[in-house]
Amino acid sequence: MKNIVILISGRGSNMEAIVRAAQAERWPARIAAVISNRADAGGLAFAAAHGIATAVVSNKDYASREAFDAALQTVVDGFAPDLVVLAGFMRILTPGFVDHYAGRMLNIHPSLLPLFPGLHTHAQALAAGVTEHGATVHFVTAELDHGPAVAQARVPVLPGDTPETLSARVLVQEHRLYPQAVRAVLDGRLTMMQEHNPVLEAS
């Protein structure tokens, strides 16, 4: 059985969606651990309530990004992950950490990459006047939000949308898309070297 380690910084609603899908669909994998850089992350309580191991590695305890990532890597590797999933993990990871998990670390970003990398994506989309927005699951590389995309979900931008209303509509699709993408990677249907980009749409 394959092991999944999920990294969060807050509530971890995408983590919750993945946990629920894995249990409901009886994935040939287990959520081995949920790890946060914040002890007050709400998602830790959800994970513990579902019998999932939790850990906290606080970035505040380390003098550099490299030192934090080294400590985090040690904890993650203790759970022998086949796949590392970033679910609202609000840290920019060092190239060394990313290389260690190359081809087996996923992130979800709230835009249709390559559009609007970085923060405040919903405000960016509205300012740009696009008619369509959404979310993208991609493999993580050292360049922020630029790894190979493997799945997307799309939503229309509606008249009168605000960043908050658009964010809420995208989040619903994230909760559908991310579990599907994680399962497809576990099954070998999506890989970092996939030719088609992206290959999965939310269903």
Side-chain angles (χ1 to χ4, degrees), residues 2-19 22 29-44 46-47 52-111 113-114 116-121 135-151 174 177-179 181-186 188 190-194 197-198:
K2 293 182 177 179
N3 290 328
I4 303 168
V5 171
I6 304 178
L7 305 186
I8 65 171
S9 291
R11 175 190 162 195
S13 66
N14 273 308
M15 174 272 294
E16 292 183 13
I18 292 167
V19 169
R30 69 187 187 102
I31 313 301
V34 172
I35 301 171
S36 179
N37 64 311
R38 295 180 51 170
D40 62 351
L44 294 172
F46 174 89
I52 299 168
T54 63
V56 175
V57 183
S58 175
N59 53 284
K60 295 180 180 180
D61 293 338
Y62 299 90
S64 68
R65 289 173 55 206
E66 289 76 13
F68 168 70
D69 280 10
L72 179 62
Q73 181 177 310
T74 297
V75 175
V76 171
D77 283 351
F79 294 98
D82 296 282
L83 187 64
V84 177
V85 176
L86 308 183
F89 188 65
M90 302 304 291
R91 297 288 302 171
I92 296 176
L93 298 165
T94 56
F97 187 94
V98 171
D99 288 347
H100 183 71
Y101 300 107
R104 54 192 180 111
M105 184 159 58
L106 289 176
N107 183 47
I108 191 165
H109 182 75
S111 80
L113 292 174
F116 316 128
L119 300 175
H120 311 300
T121 60
T136 303
V137 178
H138 64 95
F139 282 100
V140 178
T141 61
E143 187 176 2
L144 184 66
D145 298 332
H146 280 75
V150 293
E174 289 183 37
L177 181 70
Y178 213 1
V182 170
R183 178 68 187 270
V185 170
L186 290 170
L190 295 177
T191 71
M192 193 167 179
M193 303 306 294
Q194 200 81 38
N197 193 24

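Positions are given from 1 along the sequence. Only this structure's heavy atoms are used, side chains among them; waters, hydrogens and symmetry mates stay out.
- Side-chain contact between P81 and V76 is present, with at least one heavy-atom pair separated by less than 4.5 Å.
- The closest side-chain heavy-atom distance from D82 to R104 is not below 4.5 Å.
- Ring geometry for H109 against H138 counts as perpendicular: the plane angle is over 60°, on a 0 to 90° scale with 30° as the lower cut.
- For the atom pair CE of M90 and CG of L7, the computed distance is 13.0 Å after rounding to the nearest 0.5 Å.
- Across every non-hydrogen atom of I8 and F89, the tightest pair is O-CD1, 3.4 Å.
- Taking all atoms of both residues into account, the shortest heavy-atom contact from A41 to S36 is CB-OG, 3.3 Å.
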Exercise for the section: Start with the C-alpha gap between Y101 and L93, add the side-chain angles, then the distance that decides, and say whether side chain to side chain contact (heavy atoms under 4.5 Å, CB included) holds. Expected result: CA-CA 11 Å; Y101 300 107; L93 298 165; over 6 Å; no

Begin from the C-alpha positions of I52 and I6 and carry the test side chain to side chain contact (heavy atoms under 4.5 Å, CB included) through to its verdict. CA-CA 11 Å; I52 299 168; I6 304 178; over 6 Å; no

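- With no hydrogens or angles considered, a side-chain donor-acceptor pair links H100 and D77 at under 3.5 Å.
- In the displayed structure, R38 atom CZ is contacted under 6.0 Å by at most 12 heavy atoms of other residues, nucleotides or ligands.
- Distance check, rounded to the nearest 0.5 Å: CE of M105 to CG of L86 gives 5.5 Å.
- Between A47 and T54, the shortest heavy-atom contact is CB-CG2, 3.7 Å.
- Distance CG/D69 to CG/N37: 10.5 Å, rounded to 0.5 Å.
- Looking at heavy atoms from C-beta onward, T136 lies out of side-chain contact with P114 at the 4.5 angstrom threshold.
- Shown here for A135 and L177, the closest heavy-atom pair between the two residues is O-CD2, 3.8 Å.
- Among V98, N107, V185, the single residue meeting the side-chain contact (heavy atoms from CB on, under 4.5 Å) criterion with F139 is V185.
- V34 places none of its side-chain heavy atoms less than 4.5 Å from the side chain of F79.
- Considering CD1 of I35 and OG of S9, their distance stands at 12.0 Å, rounded to 0.5 Å.
- Partner of V182 under the side-chain contact (heavy atoms from CB on, under 4.5 Å) criterion, out of V137, L106, N14: L106 alone.
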Point to revise | side chain to side chain contact (heavy atoms under 4.5 Å, CB included) evaluation trace for I92 with R65 | key: CA-CA 8 Å; I92 296 176; R65 289 173 55 206; 3.6 Å; yes

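- Across every non-hydrogen atom of A29 and L186, the tightest pair is CB-CD1, 3.8 Å.
- Taking the side chain as every heavy atom from C-beta outward, I18 and P179 approach each other to under 4.5 Å.
- Of all heavy-atom pairs between S111 and T121, the closest is CB-CB, 4.1 Å.
- Going from atom CG of N3 over to atom CZ of R30 covers 4.5 Å, rounded to the nearest 0.5 Å.
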